[in-house]
Amino acid sequence: MKRLASQVIPFALAAALALPAFSLARTKLVTLPDRATMVVNLEHPSQSLLHEERDITLQQGTNFVDFSWQGVSIDRDSIRLELLSNPGDGPQASKIIHVAFPPNEPALTWQIYSPEARTERIRVSYLLHGITRESSYEMTVNAAEDQAIFQQYFQMTNASGEDLNNSAFRIRQTDDLERSVENGETRRFLAFQQRELPIRKLFVTRPDPYSTRGEDGEIISLVYEIENAKTMGLGTFKLDPGKTRIYGEAPDGSTIFLGEDYLKETPTGEEAQLTLGTVKDVVLKRRIMNDKQENQRRNNNKRVVLYDRVVHLRYEIENFKDKAATVRVIETIPPDAKIIESDDKGVKIERKSGSELQIDIDLEPRPAGSDEDVPVREINIVYKIENVMG
Amino acid sequence: MSLNHAKRRRLAAVALLATGLATMGLARIDLVTLPATDRTELTIYGAEDLTLVRETRTLMFAKGENSIQFNWTNTLIDPTSVQLRAVDPASGLTVLDTKYPGESPQTAIWTVEAEKDTSAPVEIRYFTSGVAWKARFNAIANEDETALRIEPSFTLSNNSGRDIEQAESRLLDGEVRVVEAIAMLARKWFWSPPPQNRYRYTEAVDLTSYFARDGDAQTLFFEGSFAYDPTNGTVSQGDVWRVKNGHDKAKEIVQQAVSEYYLYSIEGEEDLRDGWSKALPRPAFEDVPIDVSYEYNPAKYGSRIVKFYKFANDEEHELGGAPLAGGAWQIASADGRGGLRYEGSFAGKYYPLGEDIELELADDGLVQHEEKTMSLERRDFDFNAEGDIAGYVTIEKRRIEIRNSRTRAVPFKITRNYGNEDWSITEASKEFKQVDRNTVEWELDVPASGTATIDLTLETRMGTRSTRNPGAPIPRPIRKPFTGARQ
């Protein structure tokens, strides 16, 4: 470690203090062994568990091993020592006698008994604060927009105060990443990629349930839908939330930036939608054709105390593209609404929850002839809420 | 004088040296006639900041009245607890009175009447605060999370203002009633120095001459500091180590039941400098079988999913020899690549024999829960004489989905409280347990990399339809206009 003065001093080993050394009343900190291995386990969403292995020289008898740190935040209660070379309770095992904690100082001392002079591989594990991590993604969509190269990047920032040299960074997605990450440094790793991820292109609108845009048409977004499933080459781990940059193949073979979105946390088996820019070549107008009360019941003062409400929504959609398209309308409705009438030709209506109605509408490409009008596709939904209390 | 006694005298000399250092501002306890302590016994209480100290010293008495002065400057001793008594009632000693001099507030002077010139052991007993113990447990699960290795230990800490030397120590686990805190009683008499004034000082002291010339002391005792030079962060050299009774294994700690308490007696004698802590490992429990489960209980844990390792303190789980003391648990699991992954930290309670133990772990983010309303309807209206609604019934269909991103199936427990209204679950796709009138529980397995779903119908009876409180006013639903139309 180069910057001892300002960095952690992970080990100050006072070994070589053995039982026969009766005349010793003073000793020095004699060895500072290098780390044999260092693993930084980052599998937990926020905690970083480090375990480092070192070879220490034990004399026969009682030995003292000092562990101290400065300028880093180590959870002292999490520090644990394992004796790897000679574990157990047998007569040849090395044994931890006790651990001493000095006052007002980030340090501890293990007292270790060894039945003979030998080298012992030890492992010290502890929680180190100050290592942050996040996932981000890149997706490069092919020209047909039905497949993408999907890459997950894992970015960690080491603000722990310690240089993590020659360390193995461990995450669930991939093999250990052998790197050195100095204090203050940020590293970004390619954690996972699937070069042939099937994607689904959608045009999605989420109308405001409290207003309509009338002739202006609803705002339609371009969405790529992916599924975290094994059939898609994913599905072996949860996708962490993260910013996703999406690129597309340009006609000249280069790539262009299409937009970016935050991928939500996506468990295995779940779908996720990535929303890009606004679509202009598909127009959807949403109209409220009716909103009325039926079956009114009044109290003695003629006030309406109970009624049924019937709402008729109409969507008028035009596809100006020369390709077929699917428009998804995500309509927010009252959970007590019942769909009593809907078009079903080329339309898939799914009640995702009481308050979310998903309507997928398949659209034909615009007519090939330039003088032919683009047809207006009309979809009607009627829902009824019974026994509304006035 | 026996060899053992000679050794004690020699070590007592070391204690005197430490007293001499007290002139540097450290705590001190003096007994002016003879400072040597033959035997010190500590009983450290876990539930209170309370330690009972019993020191046995042999004093010389002249026939008639003797004054014995005991001073405890800069310590946390409760003055009201300081007592002196003769160990042997037949020694002819009588404590006539105890004086607390006004000019020297941390001093007691006993007047002891002796029937003859004699040398007799006396016991000085007092309460002090600042000495504490706590239990700690490291728990390491195997890769399959089917078994735990549990490594218990006791950590002693000494912030009493004085060093503990060669004390027989016992730890008491149990609730002890104390009407006034010992620390408060101690501080009534003096002002305690702030912690930064307690600084280790041994690097300047060479104790070589006190150690082990005759070979009866066997190992080195950590006396001093490897403190840092704050100007450059380096470790200091020349630290002091002392030879004392050696051990080739961790000390044995014997557990005994005493009334409603448990007493842990530590083998041999303990040394612990003021300001220091020491962890004493106990034998590990191997291969403790565990069940892993997840739980969603918003009333208890909020919106997060909690993961548990569950087992019991019994023989079936390779435990059961004794209760487990309350203490901090650090939990990790084997990560399948030769290392460990963090699972959580947990403040465990005292677990009696046979008690179920649930180690609450951190949310690993691999299992998620969602509950949503799928439909809602109102029916069975009652109307009062004015024609207003007096009661009705709501039928709500809800769906619970648990998504498991792990590569193995996991048990999942849901505890839901649906409020104080008169509700009942009339249909459920998975069997549930009615815990109380407001709470239900489901326990189910969530398949590996899959989703478990519960569909249920919740019927709620309001107003006159309620069987709990039919006279209560009915709540009126707050309804925002949808679709932009006015209602």
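In what follows, every heavy atom counts, from backbone to side chain, and hydrogens, waters and symmetry copies are set aside. Keep in mind that this is a model prediction, so the values were computed, not measured. Throughout, a chain's letter reflects where its sequence line sits, starting with A, and its residues are numbered from 1.
- In this structure, CG on A:Asp336 lies 13.0 Å from CD1 on B:Ile395, to the nearest 0.5 angstrom.
- How far CZ of A:Arg80 is from OG of B:Ser153: 11.0 Å, rounded to the nearest 0.5 Å.
- When heavy atoms are compared at a cutoff of 4.5 Å, A:Thr236 approaches chain B solely by way of its backbone atoms N, CA, C and O.
- A distance of 8.5 Å separates NZ of B:Lys251 from NE2 of A:His98, quoted to the nearest 0.5 Å.
- Both the backbone and the side chain of A:Ser78 come within less than 4.5 Å of a heavy atom in chain B.
- Using modelled atom types, one finds no donor on one side chain facing an acceptor on the other under 3.5 Å when comparing B:Gln368 with A:Glu270.
- At a 4.5 Å heavy-atom cutoff, A:Asn228 makes no contact with chain B through either its backbone or its side chain.
- Residues A:Ser353 and B:Met374 meet the side-chain proximity criterion, which asks for heavy atoms closer than 4.5 Å.
- For the pair A:Arg170/B:Arg337, a side-chain contact is recorded, criterion being any heavy-atom separation below 4.5 Å from C-beta on.
- In this structure, CD in B:Glu151 is found 7.0 Å from CD in A:Glu82, a value given to the nearest 0.5 Å.
- Interatomic distance, OG1 of B:Thr407 versus CZ of A:Phe237, reported as 12.5 Å (0.5 Å rounding).
- In this structure the side chain of A:Met389 never reaches within 4.5 angstrom of the side chain of B:Asp388, judged on heavy atoms.
- Interatomic distance, A:Asn387 CG to B:Thr394 OG1, rounded to the nearest 0.5 Å: 11.5 Å.
- Of the atoms belonging to A:Arg123, it is side-chain heavy atoms, and not backbone ones, that fall under 4.5 Å from chain B.
- Both the backbone and the side chain of B:Ser449 come within less than 4.5 Å of a heavy atom in chain A.
- Here B:Ser405 is the residue among B:Gly387, B:Ala385, B:Ser405, B:Ala284 with the most heavy-atom pairs under 4.5 Å with chain A.
- Proximity to chain B (any heavy atom under 4.5 Å) is shown, for A:Ile112, by neither the backbone nor the side chain.
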Subject >> CA sep, side-chain torsions, deciding dist, call: B:Arg136, A:Asp77, side chain to side chain contact (heavy atoms under 4.5 Å, CB included) >> reply: CA-CA 9 Å; B:Arg136 285 194 54 200; A:Asp77 286 343; 4.1 Å; yes
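- Interface residue A:Pro267: backbone and side-chain heavy atoms are both found under 4.5 Å from chain B.
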Original post:
Between A:Asn41 and B:Tyr342, does a side chain to side chain contact (heavy atoms under 4.5 Å, CB included) hold up when you go through it step by step?
Top reply: CA-CA 8 Å; A:Asn41 189 308; B:Tyr342 175 73; over 6 Å; no
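- Cation-pi check for A:Arg297 over B:Phe383 is met; the charged atom lies under 6.0 angstrom from the ring centroid and within 45 degrees of its normal.
- Neither the backbone nor the side chain of A:Lys292 has a heavy atom closer than 4.5 Å to any heavy atom of chain B.
- Side-chain contact between B:Arg341 and A:His51 is absent, with no heavy-atom pair separated by less than 4.5 Å.
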**OP:** Please assess A:Asp75 against B:Gln330 for the test side chain to side chain contact (heavy atoms under 4.5 Å, CB included), listing each intermediate value before the final yes or no.
**Re:** CA-CA 11 Å; A:Asp75 181 348; B:Gln330 290 282 342; 4.1 Å; yes
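- Put simply, of B:Lys397, B:Arg406, B:Lys372, B:Glu386, the one with the most heavy-atom pairs under 4.5 Å next to chain A is B:Glu386.
- If you measure heavy-atom distances from A:Glu43 to chain B, the contacts under 4.5 Å come from the side chain alone.
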**OP:** Determine, step by step, whether A:Ile385 and B:Arg378 satisfy the side chain to side chain contact (heavy atoms under 4.5 Å, CB included) criterion, reporting the C-alpha distance in whole Å, the side-chain angles of both residues, the deciding distance to 0.1 Å, and the verdict.
**Re:** CA-CA 10 Å; A:Ile385 310 165; B:Arg378 289 168 292 277; 4.0 Å; yes
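- Neither the backbone nor the side chain of B:Asn158 comes within less than 4.5 Å of any heavy atom in chain A.
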